[in-house]
Amino acid sequence: FFFLMIRRPPRSTQSRSSAASDVYKRQRYSLKLNLRNTYFDSPHGLTNMKNRSCAADMAKLSSYAMKISEVKEIVNKEMYETVISNEQNQVRTVQWFNTNKLLSKGYDGVKTGI
């Protein structure tokens, strides 16, 4: 995971300016979790040249996230499906396939680097 788990309101109730607020909340959580070498510049955690972290911080974040039952359930699935909507209220189903090869060997999920 390269993002912090912070529950957001549905997209339809969120303004574009709330992305900055999401980043600010993630930064506050990173301090709370003592993530000294982590900085998130985007609310989604996807590729962004300003996002940075280290293995120790990701281990702390993963440990924290795995205490959240919803997160633990999702990262331990080989496939996760959900319904999303955009600003025009168009709805679609998306699927994510977990690339963690250790799931089939009895290990819990989260980022493995494989």
**Item:** Over 12 foreign heavy atoms within 6.0 Å of CZ, R36
**Value:** no
**Message:** With a 3.5 Å distance limit and no angle check, can you tell me whether K60 reaches the backbone of N34 through a side-chain donor-acceptor pair?
**Reply:** yes
**Item:** Rounded distance (nearest 0.5 Å) linking atom CG of L61 with atom CE of M66
**Value:** 11.5 Å
**Prompt:** Any sub-3.5 Å donor-acceptor pair from N98's side-chain atoms to K77's backbone N or O?
**Reply:** yes
**Request:** Please confirm whether the backbone N or O of L103 pairs with a side-chain atom of N76, one donor and one acceptor, at under 3.5 Å?
**Result:** no
**Message:** Restricting to non-hydrogen atoms, name the atom on K50 and the atom on Y39 that form the minimum distance, rounded to 0.1 Å.
**Reply:** O-CD2, 3.2 Å
**Where T38 and C54 come nearest, the two heavy atoms and their spacing** = OG1-N, 4.5 Å
**Same apolar cluster: I74 and V94, side chain cutoff 4.5 Å** = yes
**Request:** Indicate, with yes or no, if M58 and V110 share a hydrophobic cluster defined by side-chain heavy-atom contacts under 4.5 Å among Ile, Leu, Val, Met, Phe, Trp and Tyr.
**Result:** yes
**Asked** For the atom pair CZ (F97) and CD (E78), what is the distance rounded to the nearest 0.5 Å?
**Response** 10.5 Å
**Item:** side-chain contact (heavy atoms from CB on, under 4.5 Å) assessment of Y107 paired with N100
**Value:** CA-CA 9 Å; Y107 292 91; N100 184 346; over 6 Å; no
**Item:** Verdict with supporting geometry, E81 and T93, side-chain contact (heavy atoms from CB on, under 4.5 Å)
**Value:** CA-CA 7 Å; E81 181 176 282; T93 300; 3.3 Å; yes
